[in-house]
Amino acid sequence: MSRWKGLPTELDPSVRNLVVRLRRLKDHSGLSLRQLAAKTGYSSSSWERYLGGRALPPRDAVEALASVTGEEPTRLLAVWEVAAEAWSGRTATAPAGPIAGAAPAGARDQAPESAAEPGRAEPLEPLEPLDPIGPVGPGAEPARGRAFHVAVAAGAVAVVLAVSAVVVLVDRAGADLDHGAVAPLAPSAAPAASPRSVPAYTCRVERIDGLWHAGLSTTRDKILANGYAGPEVAEAQCLLDRAGYSPGDVDGIFGPMTERAVKRLQTDADLVVDGIVGPHTWGALRR
């Protein structure tokens, strides 16, 4: 059996699942990378990247591997499609370009030259201030003075209205308090946050027909990896704990502690140390 290197920890679980399946097909076929390259048309270095999780194999490469190993391609290509969708999500979006129709940088700072004489700007004549009220007639009050008086009068009226409104509100509030109409406000209690619902799993370890079982799953070939969850993960956690490789809490969630426990078991059992529970690791757990 080939001793594969561990897959990158940041690899998406669906991509990890595809790579594990491709590794199994390659191991069961007994082909070397050079022989695999000759039969599929993809180079040895390409297959080394595909099986190492550093590059996503093309659909044709996956279909060619299934063909040379005698594997039914339909299910394998379905796994590839899920992995390809996850792999495409890793592409970062490009930065947005300039806004359409925007003027080039510095264009607004450029002043057009005077048409009268090139290179020389014509002096600007001072503008007469506009009178917003109208022309001043003989014996009439200047427009600016009338505007000032109007503004002062309007401000005084606004102040009087505001004071009157405050007085009315205070009187009404006092009357309501005298009649008991207003009740003191009680602080609203924030709803208590409910703890995260985590399924409870109980290990019922027993030996049946020479194999260890924990009562949560009978699988012997389910692929499990970091990020997976469910009763199969809890079964593996129970069996890891029974064998002396503590996975942490038996919560059915394949996390870093469970992965480290799997790698320790694989090292002691002389298996591929990749932190993934497959048929060979299940065999070591149930024996």
> After noting the C-alpha distance and the side-chain angles of Asp274 and Gln266, does the key distance pass the side-chain contact (heavy atoms from CB on, under 4.5 Å) rule?
Replying inline: CA-CA 8 Å; Asp274 55 7; Gln266 291 172 334; 3.2 Å; yes
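- Counting only distance, with no hydrogens or angles, the side chain of Arg204 and the backbone of Gly215 share a donor-acceptor pair below 3.5 Å.
- Residues Arg287 and Trp212 have side chains not in contact (no heavy-atom distance under 4.5 Å, counting atoms from C-beta outward).
- Transitive grouping of hydrophobic side chains (ILVMFWY, heavy atoms separated by less than 4.5 Å) brings Ile223 and Val15 into a common cluster.
- Closest approach of Ala84 to Leu56, counting heavy atoms only: CA-CD2, 3.6 Å.
- Across every non-hydrogen atom of Gly52 and Arg23, the tightest pair is CA-NH2, 4.0 Å.
- Linking Ile, Leu, Val, Met, Phe, Trp and Tyr residues whenever their side-chain heavy atoms come within less than 4.5 Å leaves Met257 and Phe254 in two separate clusters.
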Identify all side-chain donor-acceptor contacts of residues 236-247 below 3.5 Å with residues at least two apart in sequence or on another chain.
{"unit_1": "Gln237", "atom_1": "OE1", "unit_2": "Asp251", "atom_2": "N", "d": "3.2"}
{"unit_1": "Gln237", "atom_1": "OE1", "unit_2": "Gly252", "atom_2": "N", "d": "3.0"}
{"unit_1": "Gln237", "atom_1": "NE2", "unit_2": "Asp251", "atom_2": "OD1", "d": "3.3"}
{"unit_1": "Gln237", "atom_1": "NE2", "unit_2": "Ile253", "atom_2": "O", "d": "3.1"}
{"unit_1": "Gln237", "atom_1": "NE2", "unit_2": "Thr258", "atom_2": "OG1", "d": "3.1"}
{"unit_1": "Tyr245", "atom_1": "OH", "unit_2": "Asp268", "atom_2": "OD2", "d": "2.7"}
{"unit_1": "Ser246", "atom_1": "OG", "unit_2": "Gly248", "atom_2": "N", "d": "3.4"}

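- Using a 4.5 Å heavy-atom threshold, the side chains of Asp12 and Trp87 count as separate.
- A donor-acceptor pair is defined here as one N or O able to donate and one able to accept, closer than 3.5 Å; such a pair exists between the side chain of Trp282 and the backbone of Lys222.
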>> If you apply the rule side-chain contact (heavy atoms from CB on, under 4.5 Å), what do you find for Ile276 with Leu224, and how did you get there?
In response: CA-CA 6 Å; Ile276 299 173; Leu224 304 177; over 6 Å; no
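- A salt bridge links Arg59 with Glu81: at least one charged nitrogen is closer than 4.0 Å to a carboxylate oxygen.
- Contacts classified as salt bridge (charged side-chain N to carboxylate O under 4.0 Å, His left out) and involving residues 205-214 (residues at least two apart or in different chains) are not found.
- Counting all heavy atoms, side chain and backbone alike, Tyr42 lies closest to Pro58 at CE2-CG, 4.0 Å.
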